[in-house]
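A short write-up of the structure that comes next.
Just so it is clear, the model here is predicted, and its values are computed rather than measured.
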Amino acid sequence: MDNSTLLFFVVALVYVGAIIYLSNQHELERTRQPAGANSLGEVVNRQRETWLRWLLYGAVALNFLLNLLIFQTALSSDLMETLPPEAQLPPINTTAALANLVLGAAISLVSFRIISSPTARQRLQRVLGGRSLYNPDSAMHIVAVVLSLVLLSTTISQLVFSSELSTSPGDALFQGLIWLALAFLGVGLSVRRPLAQTLTRLGLRWPKRADWLWGIGAGFALWLILILLSAIWARLVPPEQIQEQMEAAEKVSRAFATPALALLLALISSVSEEILFRGALQPVFGLWPTSIFFTLLHMQYAFTPASLILLVISLGLGWVRQRQSTTASIFAHFVYNFIIQFLVVLQVGGGSF
């Protein structure tokens with residue numbers, strides 16, 4: 001990650017952090033004040049709500065601007081070839097950039113409606129069903145929906161721009177820390193909830209015997225499901241097509257092809273992803289929407305059978321979260337990931353710890 005990219009991420013994190021902090025403060029004050037109160041706290045909260053709304057509008061607009069710039073860059077590919085090599089950008093597929101722009105426009109429109117329209121938020125509540133904790137009047141839940149949509153659009157834009165996601169251990173660790181920060185701050189750590197309540201909200205607890213048993217058993221079971229579904233896929237698709245579709249996933253695996261790095265990747269991804277997706281988001285949005293969102297964020301698989309396999313794995317992890325705890329789903333995710341990575345280590349001869 002170069003300095004300019006790091007600076008962009010820092011600015012983005014500060015911006016998103018401000019949104020999350022304001023939404024937590026708004027939620028805290030909303031629960032304290034009765035509806036229709038004209039107290040000073042209610043007046044301040046209405047001002048806070050206005051700031052929050054415009055910050056969300058800004059995030060959506062900036063994301064669409066990014067989509068537009070990527071499309072413009074794709075159209076300017078001939079001009080890019082005249083620049084010095086160090087100033088050139090990677091070639092961008094024009095059709096993919098146009099599709100990304102259209103998708104970004106759709107995501108922006110949906111986001112604007114969620115921010116501005118109570119009716120749209122109530123409609124979303126009906127779609128999610130009665131088992132979810134989604135509240136159309138909650139600032140935190142509005143923020144969660146909008147930022148999730150922006151994150152999805154940004155992930156797709158990154159793939160269109162660079163054709164791959166980052167595979168370095170440092171970037172994996174950085175992303176894991178971001179996921180953890182979003183999860184803990186999003187549920188109101190130190191603003192609406194003390195640490196103990198935050199851990200309970202996220203489904204985290206000191207491991208019990210059931211967590212170990214469910215986690216290890218589910219991890220092995222999900223790996224066996226992966227083997228079964230992959231075998232079915234292999235019978236339906238030519239080997240060269242499978243190799244092409246799995247190229248990005250294999251690149252990630254080979255970047256962590258030592259026992260120590262395999263352990264690191266399994267640990268980072270299992271802890272950070274389970275706490276964010278299964279701990280923070282799933283209780284609000286439900287099992288299926290969260291699993292679909294999780295799958296879409298792993299867009300290096302594109303829309304291939306590998307995506308459907310990942311959706312099945314994600315549903316399995318979510319089911320473990322529902323039946324036991326996020327702690328158990330972390331164990332399951334770790335076992336599943338480590339088996340896969342360790343087999344890669346054995347295949348390439350990655351050496352010792």
Side-chain angles (χ1 to χ4, degrees), residues 133 144 148 151 169 171-189 193-226 249 252-253 256 259-298 309-345 353:
L133 299 179
S148 295
L151 175 60
D171 288 346
L173 178 60
F174 183 69
Q175 177 176 288
L177 293 175
I178 292 175
W179 286 165
L180 289 174
L182 290 176
F184 278 90
L185 297 178
V187 300
L189 175 64
R193 293 183 172 98
L195 179 60
Q197 291 182 8
T198 300
L199 295 176
T200 300
R201 164 62 181 82
L202 291 172
L204 296 169
R205 64 190 184 191
W206 188 257
K208 298 182 178 180
R209 184 171 179 269
D211 294 321
W212 290 103
L213 293 176
W214 275 77
I216 295 173
F220 274 103
L222 291 174
W223 176 67
L224 292 176
I225 290 173
L226 170 67
V252 174
S253 295
F256 292 83
L261 289 178
L263 180 64
L264 177 65
L265 178 62
L267 186 62
I268 291 173
S269 60
S270 60
V271 172
S272 61
E273 291 181 356
E274 289 308 303
I275 290 177
L276 176 62
F277 293 98
R278 254 61 69 173
L281 295 181
Q282 183 170 303
V284 176
F285 299 110
L287 174 61
W288 276 91
T290 303
S291 296
I292 292 172
F293 178 58
F294 178 85
T295 303
L296 291 175
L297 283 184
H298 291 74
I309 295 173
L310 182 60
L311 176 60
V312 172
I313 301 303
S314 182
L315 288 169
L317 292 171
W319 181 71
V320 172
R321 161 69 170 101
Q322 284 185 340
R323 294 297 301 268
Q324 287 297 317
S325 66
T326 304
T327 303
S329 69
I330 289 173
F331 290 154
H333 197 154
F334 174 82
V335 170
Y336 169 81
N337 272 3
F338 186 71
I339 292 174
I340 295 173
Q341 285 300 123
F342 191 72
L343 291 176
V344 172
V345 172
F353 282 89

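Side-chain atoms of Thr326 come within 3.5 Å of backbone atoms of Leu202 as a donor-acceptor pair (strictly under, hydrogens ignored). Between the side chain of Thr200 and the main chain of Ala196, a donor-acceptor pair closer than 3.5 Å is present. Between the side chain of Arg201 and the backbone N or O of Val187, no donor-acceptor pair lies under 3.5 Å.
Across all non-hydrogen atoms, the minimal contact from Leu315 to Ser291 is CD2-OG, 3.4 Å. The minimum heavy-atom distance linking Pro283 with Arg321 is given by the pair CG-NH2, 3.4 Å. Residues Ile309 and Leu226 come closest through the heavy atom pair CG2-CD1, 3.6 Å. Nearest heavy-atom pair across Gln324 and Ala210 is OE1-CB, 3.4 Å. Closest approach of Leu281 and Phe293 over heavy atoms only: CD1-CE2, 4.0 Å. Considering all non-hydrogen atoms of both residues, Val271 and Ile330 come closest at CG2-CG2, 4.0 Å.
For the residue pair Arg278/Ser314, the side-chain donor-acceptor check at 3.5 Å is satisfied. Checking Ser270 against Asn337 by side-chain atom types alone, no donor-acceptor pair falls below 3.5 Å. Looking only at atom types and distance, the side chain of Ser325 has a donor-acceptor partner in the side chain of Asp211 under 3.5 Å away.
Residues Trp179 and Phe174 fail the side-chain proximity criterion, which asks for heavy atoms closer than 4.5 Å. Residues Ser269 and His333 form a side-chain contact, since some pair of their non-hydrogen atoms from C-beta on lies under 4.5 Å apart. Inter-residue side-chain proximity for Phe334 and Ile268 is flagged as unmet; no heavy-atom pair is nearer than 4.5 Å. Counting only heavy atoms from C-beta outward, the side chains of Leu199 and Phe184 approach each other to under 4.5 Å.
Once rounded to the nearest 0.5 Å, the distance linking CG of Leu276 with CZ of Phe294 reads 10.0 Å. Rounded to the nearest 0.5 angstrom, Leu151 CG and Ile178 CD1 are separated by 9.5 Å. To the nearest 0.5 Å, atom OG1 of residue Thr290 and atom CZ of residue Phe277 are 9.0 Å apart. To the nearest 0.5 Å, the span separating CG on Leu343 from CZ on Phe338 amounts to 9.5 Å.
A distance below 6.0 Å separates the ring centres of Phe331 and Trp212.
Among the candidates Gln322, Glu274, Gln282, Glu273, the single residue satisfying the side-chain contact (heavy atoms from CB on, under 4.5 Å) test with Leu317 is Glu274.
Surrounding CZ of Arg205 are more than 12 heavy atoms belonging to other residues, nucleotides or ligands, all under 6.0 Å away.
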